[in-house]
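First comes the structure, then the notes that go with it.
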Amino acid sequence: MTATTHYTFDTDTAGTRIGDHEYGLELSDRWSTLGGTLNGGYLLATALQALRDELPQPDLLSASAHFLRPGTPGPALVHTEIARIGRRTATGQAILTRDDREIIRVLATFTDLAVAQGPTFVRNAPPTLPAPEQCLDPLRGVTPAGATIAERVEFRMPQLAGF
């Protein structure tokens with residue numbers, strides 16, 4: 001499953017199958033937060049990538065994650081378990097470990113949106129926002145120490161938060 005693409009995130013979340021329901025990967029220091037630990041969304045993505053490789057349906061439908069301890073850069077394992085494979089959905093569990101300690105446990109259901117049929121009911125709409133160049137950059141001129149994720153993600157907001 002390891003793939004080198006021109007997208008750093010794809011490369012950094014990809015694991016290599018090393019056994020039945022087991023993937024090895026290197027958690028990258030490119031996604032660190034202010035506290036020096038890895039961003040939770042990055043850790044979740046590593047677990048979901050392994051689970052996607054295990055299940056026949058390609059599109060994530062829902063996921064719940066329990067973050068059990070902070071993740072740090074270095075070698076890690078993802079163990080997967082298939083709970084159920086049905087005609088329209090497949091559900092499985094992924095457990096990300098580092099140094100034999102569980103970091104995150106994920107339960108997710110995948111589907112194939114390309115074969116979805118029937119009406120779609122949309123109950124909401126995205127917020128109306130100004131163009132990115134008209135938004136505020138709260139980190140402009142600031143490089144948060146140790147937060148390497150800030151080098152890869154551009155923060156924009158229509159106005160400063162009121163808290």
Side-chain angles (χ1 to χ4, degrees), residues 1-55 57-83 90-110 126-127 129-163:
M1 182 165 110
T2 297
T4 303
T5 70
H6 60 280
Y7 297 108
T8 303
F9 190 77
D10 291 342
T11 300
D12 288 350
T13 56
T16 301
R17 184 186 293 266
I18 58 174
D20 288 343
H21 310 290
E22 189 172 51
Y23 296 80
L25 68 143
E26 185 76 19
L27 294 174
S28 173
D29 63 356
R30 290 188 277 247
W31 307 98
S32 294
T33 63
L34 283 174
T37 59
L38 296 174
N39 175 271
Y42 167 65
L43 295 171
L44 175 60
T46 63
L48 290 172
Q49 288 285 41
L51 199 52
R52 177 194 287 170
D53 190 60
E54 291 282 315
L55 300 174
Q57 286 90 345
D59 303 309
L60 179 64
L61 184 62
S62 69
S64 63
H66 295 269
F67 295 88
L68 304 172
R69 57 186 46 85
T72 56
L77 294 173
V78 178
H79 304 275
T80 61
E81 180 182 330
I82 298 170
T91 301
Q93 172 181 259
I95 299 171
L96 173 66
T97 62
R98 173 143 159 62
D99 296 329
D100 295 322
R101 298 185 71 194
E102 192 171 338
I103 305 297
I104 179 175
R105 185 177 292 229
V106 177
L107 180 66
T109 299
F110 287 75
L129 297 172
E133 58 274 1
Q134 295 174 338
C135 290
L136 301 171
D137 179 357
L139 296 180
R140 185 174 185 187
V142 176
T143 304
T148 59
I149 192 171
E151 299 167 9
R152 283 155 190 55
V153 177
E154 186 176 311
F155 297 92
R156 297 295 176 123
M157 55 183 60
Q159 61 189 25
L160 288 176
F163 49 87

Report the relative orientation of the aromatic rings in Trp31 and Phe9; use parallel for angles under 30°, tilted for 30 to 60°, perpendicular for over 60°.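 If you compare the ring of Trp31 with that of Phe9, the planes turn out perpendicular.
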Closest non-hydrogen atom pair, [X] against [Y]:
| X | Y | value |
| --- | --- | --- |
| Leu77 | Gly24 | CD2-CA, 4.0 Å |
| Ala108 | Leu51 | CB-CD2, 3.8 Å |
| Val106 | Ala47 | CG2-CB, 3.9 Å |
| Leu129 | Pro158 | CD2-CG, 3.8 Å |
| Leu136 | Pro138 | O-CD, 3.4 Å |
| Thr33 | Leu38 | CG2-C, 4.2 Å |

Out of curiosity, [X] [atom1] to [Y] [atom2], how far, rounded to the nearest 0.5 Å?
| X | Y | atom1 | atom2 | value |
| --- | --- | --- | --- | --- |
| Ile95 | Thr80 | CD1 | OG1 | 9.5 Å |
| Asp137 | Met157 | CG | CE | 9.0 Å |
| Gln49 | Leu44 | CD | CG | 10.5 Å |
| His79 | Gln93 | NE2 | CD | 11.0 Å |
| Leu43 | Leu96 | CG | CG | 6.0 Å |
| Asn39 | Ser28 | CG | OG | 12.0 Å |

Counting C-beta onward and ignoring hydrogens, is there a side-chain heavy-atom pair between Tyr42 and Leu27 closer than 4.5 Å? yes
Would you say the side chain of Arg17 lies within less than 4.5 Å of the side chain of Glu54, judging by non-hydrogen atoms?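 Touching, per the 4.5 Å side-chain cut-off.
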Please report, to 0.1 Å, the donor-acceptor pairs under 3.5 Å made by any side chain of residues 61-75, with sequence neighbours excluded.
from, atom 1, to, atom 2, distance (Å)
Arg69, NH1, Glu102, O, 2.6
Thr72, OG1, Arg98, NE, 3.1

Under a plain distance cut-off of 3.5 Å, with no hydrogens placed, do His21 and Glu81 share a side-chain donor-acceptor pair?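 There is no such pair (donor and acceptor under 3.5 Å, judged by atom type) between the side chains of Glu81 and His21.
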Is there any salt bridge (Lys or Arg N to Asp or Glu O under 4.0 Å) pair reaching into residues 19-36, and which pairs are they, with sequence neighbours excluded?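 Only Asp12-Arg30 qualify under salt bridge (Lys or Arg N to Asp or Glu O under 4.0 Å).
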